[in-house]
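Notes follow the structure.
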Amino acid sequence: MAAEPVKRVTDIGPPHYGKYLPPVVKANYGKWVDHEILEPGVMVHIAESGAKVYTVRAASPRLISVNKIRAYCDLADKYCEGFLRFTSRNNVEFLTAKAENVAPMKKDLEALGHPVGGMANSISNIVHTQGWVHCHSAATDASGIVKSVMDALHEEFTHMRMPGKLRIALACCLNMCGAVHCSDIAILGIHRKPPKVETERLPKICEIPTAVASCPTAAVRPANISGVNTVEVIEESCMYCANCFTVCPAMKLNDAENDGLSIWVGGKVSNARHEPMFSKLAIPYIPNNPPCWPEVVDAVVNIVKIWSKNAQPYERMGEWIERIGWPKFFKMAGIPFSREHIDDFKHAGLTYKRSTHIRF
Amino acid sequence: MPEQKFPDKLQELKSGAWPSFVKEIENAAQTSPMAKDLYGQLNQSYNEKIGHWKHGGIVGVLGYGGGVIGRYSDLPETWPNVSHFHTMRINQPAAWFYRAEDLRKVCDIWEKRGSGLTNMHGSTGDIILLGTTTPELEPIFNELTAIGFDLGGSGSCMRTPSCCVGPARCEWAMYDTLALTYDLTMTYQDELHRPAFPYKFKFKMAGCPNDCVASIARADMSIIGIWRDEIQIDQDAVREYAERGLNIQSVVVGRCPTRCMAWDSKELFIDNENCSRCMHCINVMHRALRPGNDRGATLLIGSKAPIMEGALLSSVLVPFLEIVPPYDDIKGLVNNIWELWAEEGKNRERVGEFIQRVGLANFLDAIGLEPEPEMIAFPRENPYVFYRTE
Ligand code: SF4
Ligand code: SF4
Ligand code: SF4
Ligand code: SF4
């Protein structure tokens, strides 16, 4: 019954990548000279030796069961000598030296329900976080919105007809596990009410100085409330960042009626052409509307549409907006400009228009 | 599914062209009571528009200070099988390559002892095993190490380093991102597994300025490949691009950020001294243009998400460094930075915020680097200078 006892070892680190590289990769490691995208989701890399490796990239929901991983593994055995890899955007990739394996592999992946694509001028998978599936901070879900948005945009994953790359990311709170702050379109979960301080419980489970120090705007301060040494929140100073909640569970911000999402645009991380940029606020608030978040889907699809129709070749969202100007962007997107769009945190002055370069 | 007080809203997320996470949870729920209750609790969240997880508790495996995120349901009576639902972070192999044989072993362990649900992968790069109970942690750890896997990082430690596919499949890798990632991971096992820093510290290795791992936005130390000498031009191949209809003037030359290119329909000219190594022209005409041969990386420091003093991008710390094992110069620098930041950084202050607080010039002094103009976008605009007159 009991398995034989395993000797306890620590600090062995991850498996060495060397034993996980497909043979053709291992043989041509560091010797690649060129590549070509053959069709959406399929590319070939060519080595100095003339060797070729074909890559088939398929979408994945990131949250996957062990049975799905096993199905991937079966494909790897069938077509790729038992090797596979994943990408930084949570896609799955199958590499093979055999051109003839590409078509059947593509068919098998599509039969498994995983569209092939996400290369070149397409919309790749949405990098996202845990949401209601696994996180205590979440102002919204992650997987459900990603699924709904990609259901609407999946044809842009399986085609390459965009002017440039478009990267969408989602984070379910301001902690932003994932690079959403530098994405072409960022979907960000937000709270809009100050923390609800559990006055009595707080001193039992939190350190008051830590809670006070956690607040970037000094909105948390020590207080004696009916004889209990606890904290209070100066509500006007609160910008709902949830830093306090991160260090003190008795300061919950989650609020079913007021939590929701915001949409940010124009960020990028690549150095190609324009330097990397942060995403900037486009839509301050959209209420949570599970299971399919139609308002978020519409907002994202709308922004994708105006960009893809108007951007020049290779122009990323932020480069396009910089060329046409923000007033035009708001007008074209039909997004009302509001007081929330104007920065009031540190260095806000740098975001004001400091010239007469105005387009009418 | 158990008796449900709530209408099953998740069903709507099963159809559609994009692969469904709901189907994945259902699939795991066939054998896992945990996955079944996860479905139930998530569906309740979808009905109530609010999450039902409690703030994490401290759980882990013997001798490690991280790698496990404690998670508890705030509805343990309704969903008893997710009353504990801890996450385990497993250090991924560099560039996320796997042998199916070994990945199946991970699956078997996780099916037996956890929910059977995973993220491939988490934001930092680890394999995320979603949901198990406290008593299972030690056995899972032992079974994982027996097949050659170890935990990743969590908390105020060096987080699991990650990298782009680099030389394994990309012609633009200016250094071996996988080798450096593996080496740093192994060198700093203690810093990875036993949190002792003011806050988290992430490394991300990108082979070239395209930065496919977003290192400039998400790593406390971003190591981005670059070259110093001239872009290699194959003029015949350039003409071929033109013949096949590429508008080199508008799409390549016209989009060069430093306007350092010229094209007269026969020859492409690049003023390499003014090329900012942005990669655009190479990306577009990869058959004709290749980075130079004097290769290395730029080290940048300090990027992070907004929490808590606002988001930062990494900024240049070392404009150019050759990246060769055993990487002593990187490690020397890293050790100096960690020593300083561990000593003087405030609790939950990322290194980027620390630099903002003390000033880059002071930071450079303390870690023993000379100021260089490549480190700034432009010199100061204010005259409030702390002169040193000795
Ligand atoms: S972004 Fe916030 S809510 Fe979402 S997983 Fe990260 S910490 Fe949790
Ligand atoms: S939510 Fe942020 S701003 Fe508001 S009290 Fe908490 S830490 Fe301060
Ligand atoms: S960052 Fe550069 S070297 Fe690395 S995979 Fe991307 S393009 Fe290739
Ligand atoms: S790499 Fe960028 S800056 Fe350099 S020549 Fe090409 S487009 Fe211009």
Side-chain angles (χ1 to χ4, degrees), chain A residues 6 9-15 17 20-21 25 29-30 32-34 45 61-67 69-70 73 76-77 82 84-86 88 113-114 132 136 138 143-144 147 150-151 154 174-179 181-182 216 243 249 254 256 269-273 276 288 290-291 313-314, chain B residues 9 12-13 16-19 21 24 27-28 45-46 49-51 53 55 63 91 93-94 96-100 103-104 107 110-111 116 119-120 123 142 145-146 148 150 167-169 171 178 185-186 189 209-211 213-214 216-218 251 255 257 278-280 287 305-308 311 313:
Chain A
V6 211
V9 288
T10 62
D11 299 293
I12 59 168
Y17 56 90
Y20 286 170
L21 300 174
V25 164
Y29 193 89
W32 302 104
V33 290
D34 197 16
H45 282 79
R62 188 176 93 121
L63 171 52
I64 53 179
S65 66
V66 290
N67 291 325
I69 300 177
R70 287 172 179 142
C73 288
D77 281 344
L84 71 164
R85 80 173 287 266
F86 295 82
S88 57
H114 291 249
W132 293 332
H136 63 287
S143 308
K147 162 83 174 132
M150 286 314 289
D151 275 344
H154 69 98
L174 269 55
N175 276 325
M176 292 192 190
C177 312
H181 56 304
C182 295
N243 251 314
N254 297 356
V269 293
S270 150
N271 283 276
R273 301 170 308 283
N288 268 321
Y314 293 97
Chain B
K9 288 205 175 196
E12 286 186 52
L13 291 167
W18 198 251
F21 71 101
E24 298 295 322
N27 183 295
S45 287
Y46 267 61
K49 301 190 201 175
I50 199 149
W53 298 107
H55 219 277
N91 197 148
W96 303 290
F97 279 98
Y98 293 93
R99 193 163 61 186
L103 200 47
R104 284 198 187 94
C107 291
W110 192 238
E111 187 173 50
N119 290 148
M120 300 297 280
S123 300
N142 286 328
T145 48
D150 197 351
R169 197 196 50 204
E171 67 265 36
L178 290 81
T185 308
M186 297 311 288
Q189 282 289 298
N210 282 327
D211 196 358
V213 279
I216 204 161
R218 333 166 50 177
V251 168
R255 299 225 160 269
C278 85
M279 288 297 290
H280 172 68
R287 202 147 304 131
I307 302 298
M308 65 184 247
L313 286 161

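Naming: A, B, ... by sequence-line order, numbering from 1 per chain. Here the structure is a predicted model, which is why all the values come from computation and not from measurement.
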Quick check for you: to the nearest 0.5 Å, what is the distance between [X] atom [atom1] and [Y] atom [atom2]?
{"X": "B/Ser45", "Y": "A/Asn254", "atom1": "OG", "atom2": "CG", "answer": "9.5 Å"}
{"X": "A/Tyr20", "Y": "B/Leu103", "atom1": "OH", "atom2": "CG", "answer": "8.0 Å"}
{"X": "B/Asn119", "Y": "A/Ser143", "atom1": "CG", "atom2": "OG", "answer": "7.5 Å"}
{"X": "B/Trp18", "Y": "A/Met150", "atom1": "CH2", "atom2": "CE", "answer": "3.5 Å"}
{"X": "A/Asn175", "Y": "B/Ile307", "atom1": "CG", "atom2": "CD1", "answer": "5.0 Å"}
{"X": "A/Asp34", "Y": "B/Arg287", "atom1": "CG", "atom2": "CZ", "answer": "4.5 Å"}

Given side chains that start at C-beta, do those of [X] and [Y] come closer than 4.5 Å, heavy atoms only?
{"X": "A/Lys147", "Y": "B/Glu12", "result": "no"}
{"X": "B/Asp211", "Y": "A/Ser270", "result": "no"}
{"X": "B/Asn210", "Y": "A/Asn271", "result": "no"}
{"X": "A/Arg62", "Y": "B/Met120", "result": "no"}

Can you see which heavy atom on [X] is nearest to which on [Y], and at what distance?
{"X": "A/Leu174", "Y": "B/Pro306", "answer": "O-CD, 3.7 Å"}
{"X": "A/Arg273", "Y": "B/Arg255", "answer": "CG-O, 3.5 Å"}
{"X": "B/Met186", "Y": "A/Gly13", "answer": "SD-CA, 3.7 Å"}
{"X": "B/Tyr46", "Y": "A/Pro290", "answer": "O-CG, 3.2 Å"}
{"X": "A/His181", "Y": "B/Ala217", "answer": "NE2-O, 3.1 Å"}
{"X": "A/Pro313", "Y": "B/Val251", "answer": "CB-CG2, 4.3 Å"}

Worksheet item: B/Pro93, B/Ala28, B/Ala100, B/Gly63: which one forms the most heavy-atom pairs within less than 4.5 Å of chain A?
Response: B/Ala100

Does [Y] offer a backbone N or O that forms a donor-acceptor pair with the side chain of [X] under 3.5 Å?
{"X": "A/Asp151", "Y": "B/Ala17", "result": "yes"}
{"X": "B/Trp110", "Y": "A/Val66", "result": "no"}
{"X": "B/Trp53", "Y": "A/Trp132", "result": "yes"}

Practice prompt. Assess A/Arg85 against B/Phe97: is NZ or CZ under 6.0 Å from the centre of the six-membered ring, and within 45 degrees of the ring's axis?
Written response: yes

Most contacts with chain B, counted as non-hydrogen pairs under 4.5 angstrom, among [options]:
{"options": "A/Ala76, A/Gly113, A/Ala138", "answer": "A/Gly113"}
{"options": "A/Pro291, A/Pro216, A/Pro276", "answer": "A/Pro291"}
{"options": "A/Leu21, A/Asn288, A/Ile12, A/Ile69", "answer": "A/Ile12"}

Practice prompt. Please work out whether the ring planes of B/Tyr98 and A/Phe86 are parallel, tilted or perpendicular, with thresholds of 30° and 60°.
Written response: perpendicular

Item to complete: Kindly write out the residues that satisfy side-chain hydrogen bond (donor to acceptor under 3.5 Å, both in side chains) with A/Ser65, not counting sequence neighbours, or none if the list is empty.
Response: B/Glu24

Worksheet, complete the sentence: Taken in chain and number order and not counting sequence neighbours, the residues that satisfy side-chain hydrogen bond (donor to acceptor under 3.5 Å, both in side chains) with B/Arg104 are A/Asp74, A/Asp77

Worksheet entry | Contact class of B/Thr185 relative to chain A, heavy atoms under 4.5 angstrom | side chain

Fill in: B/Leu178 portion near chain A, given a 4.5 angstrom heavy-atom threshold
both

Item to complete: Check step by step if side-chain contact (heavy atoms from CB on, under 4.5 Å) holds for A/Thr10 and B/Thr145.
Response: CA-CA 7 Å; A/Thr10 62; B/Thr145 48; over 6 Å; no

Discussion item. Could you walk me through whether B/Asn27 and A/Ile64 satisfy the side-chain contact (heavy atoms from CB on, under 4.5 Å) test, starting with their C-alpha distance in whole Å, then the side-chain angles of each, then the deciding distance to 0.1 Å, before giving a yes or no?
Written reply: CA-CA 9 Å; B/Asn27 183 295; A/Ile64 53 179; over 6 Å; no

